[in-house]
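Chain letters run A, B, ... following the sequence lines, proteins first and then strands; every chain starts at 1. Atoms considered below: every heavy atom in the structure, side chains included; atoms not considered: hydrogens, waters and symmetry mates.
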There are 2 protein chains.
Amino acid sequence: MELSKQPAETLQRSIRLLGGGGPAELAIRQAAWVARCVGHGDAAPFTPEDLSALAASLRTTTFERGSVVFRAGDEADGVWIVRSGRLELSVGAGSKRAVVHVIGPGAVDGDIQYLLGMPLPYTAHALADTTVLYLDGESFEGLLGKRLSIARRWLTSVAMRLAESQERIIGMLGRSLTEQIARILLEEAVDGAVPLPQRTLAAMLGVQRPSLNKTLKEFERNGLIKVRYGAIDLLDIDRLTAMSG
Amino acid sequence: MELSKQPAETLQRSIRLLGGGGPAELAIRQAAWVARCVGHGDAAPFTPEDLSALAASLRTTTFERGSVVFRAGDEADGVWIVRSGRLELSVGAGSKRAVVHVIGPGAVDGDIQYLLGMPLPYTAHALADTTVLYLDGESFEGLLGKRLSIARRWLTSVAMRLAESQERIIGMLGRSLTEQIARILLEEAVDGAVPLPQRTLAAMLGVQRPSLNKTLKEFERNGLIKVRYGAIDLLDIDRLTAMSG
DNA sequence: GCCGCCGTGCCAGCTACCTGACACGATCCC
DNA sequence: GGGATCGTGTCAGGTAGCTGGCACGGCGGC
């Protein structure tokens, strides 16, 4: 899901120097990138017309670290696609805060709630400076309703998210905290490191920070990980995988 | 999601006495029923051609209570739709068993894994005698690829399941067992009663049966529920809702 | 370079949940 | 009607995780 393989910086740069290629070409390039993110390439590839239809509707917005992209309870009036950076999707506050997901480049959100006409169930905070593409509701609806290939690809995208969500439920039920922690470290790793504070990790598992910290130090003593400031390096992925059940 | 409002018996009977209407009309009726189950009626209604295409591909199978519809690890080669009865989707065995979901009439499964080309992550056991409609992979693919209205509706169906799954994650994270139990009783209730043994409920929450039983008896003492053999009656839904957080 | 903030490390007491085991009651099938 | 099977009720001991609080150390802004 996290398409972090995609070198975000390259395209970030091309956004900055708008000169090279002109706005229209840039828009198409953005759309092509979204097309690669939504579902797999296998079935129903995007046609050039699909791409230009998509490109015509995308709007780029940037959010500073710490700012709010949308709030729980807001009406979902369109679709967000993360271009670069990271968003934390969370519910509640203080010690009751639960983190539903942390999403990075390539992730799509808001479409589910838009399709179902329900309010957004969680708040999205930018964990870093983040660029987001926005597709307004009518355009989204129009693309889905008129272009079979887009509807087909979007179906795959949602299916992937559902499979991931179910896997997470399976990974939580009846597992010891140790197993859950090993699992989430592997899931959230980007290039061999988990760039999240322990408080966030704890909120993703629904446990208190001291409980998490205790296990992390145990892992560190065993040479599985290295705990850093605001991040965790994974040293022995094989053994971590074995521990995750 | 659980379309149990649909009087399953009526159509069950019509399956048995095939005479009334003939097989073709029955097939159409089955397809129409499926059409009502998949997504909402609002956007992109099914056309008569959609219905007959769907009807041509559906196969009916019945499973005895306790039998296995599919196993974890099996390749997903089509789509199942529960017509009547209940299926338990579970992972693992013994004290490590986790129940991912219990699905009833109108529920669709296997499509996600088919679309993504992944094996089924859980085993489906029939909790009661159960009738299942089966749509083979090629037909499913054909319907999606050729009929926009079906793809559009299916998207809504998957979106509903994803929203439900996310809600479940939110409902589990950082909640006390008491809150979780109140919540799951409300979610799994059918006509004011939860027709599941405590063992299954415990496996849905990933806890041990004695822990569940202790809380249930507490609820019963407070007049919230009535514990029966293999089922639980909900007596005070308002107070249960208040307790579920 | 200093200060404030945020993140980490850790503790002591408490509670809630787990383990596994056993007795009893319902239900089903013969 | 009797036995097998499955579900419920309960207990006692062990432990994992919570509460909340405090000290320390990076990190960033001034």
### Query
Which atom names give the shortest non-hydrogen contact between Val100(A) and Tyr122(A), and what distance separates them?
CG2-CD2, 4.0 Å

#### Entry: Nucleic acid contacts - residues 208-228 of chain B versus DNA chain C, non-hydrogen atoms under 4.0 Å
Gln208(B), Pro210(B), Ser211(B)

### Query
Among all residues two or more places apart in sequence or in another chain, which pass the side chain to side chain donor-acceptor pair (under 3.5 Å) test with Ser165(B)?
Ser165(A)

### Summary
Taken in chain and number order and not counting sequence neighbours, the residues that satisfy side chain to side chain donor-acceptor pair (under 3.5 Å) with Asp111(B) are Trp154(B), Arg161(B)

Mind jotting down which residue pairs meet the salt bridge (Lys or Arg N to Asp or Glu O under 4.0 Å) criterion with at least one end in [range]? Sequence neighbours excluded, please.
{"range": "residues 90-99 of chain B", "value": "Glu88(B)-Arg97(B)"}
{"range": "residues 118-131 of chain B", "value": "none"}
{"range": "residues 59-71 of chain B", "value": "none"}

### Message
According to ring pair (Phe, Tyr, Trp, His ring centres under 6.0 Å), does anything in residues 68-92 of chain B pair up with another residue at least two apart or in another chain? List the pairs.
### Response
Phe70(B)-Trp80(B), Trp80(B)-Tyr134(B)

Between [X] (side chain only) and [Y] (backbone N and O only), is there a donor and an acceptor less than 3.5 Å apart?
{"X": "Gln113(B)", "Y": "Ala76(B)", "answer": "no"}
{"X": "Arg83(B)", "Y": "Thr61(B)", "answer": "no"}
{"X": "Thr130(B)", "Y": "Arg86(B)", "answer": "yes"}

Exercise answer: donor-acceptor pairs, residues 195-218 of chain A side-chain atoms, under 3.5 Å, sequence neighbours excluded:
| unit_1 | atom_1 | unit_2 | atom_2 | d |
| --- | --- | --- | --- | --- |
| Gln198(A) | OE1 | Asn213(A) | ND2 | 3.0 |
| Thr215(A) | OG1 | Ser211(A) | O | 3.3 |
| Lys217(A) | NZ | Glu220(A) | OE1 | 2.5 |

### Pairs touching residues 229-243 of chain A that satisfy side-chain hydrogen bond (donor to acceptor under 3.5 Å, both in side chains), sequence neighbours left out
Arg228(A)-Asp233(A), Asp236(A)-Arg239(A)

### Task
Shoot me the first and last contacting nucleotide of DNA chain D against chain B, ordered 5' to 3', at under 4.0 angstrom to non-hydrogen atoms.
dC6(D) to dC11(D)

### Difference in axis direction between the ends of the helix from dG1(C)-dC30(D) to dC30(C)-dG1(D), five pairs, 10°
50°

### Query
When you list every nucleotide of DNA chain C with an atom under 4.0 Å from a heavy atom of chain A, which one comes first 5' to 3', and which comes last?
dC6(C) to dC11(C)

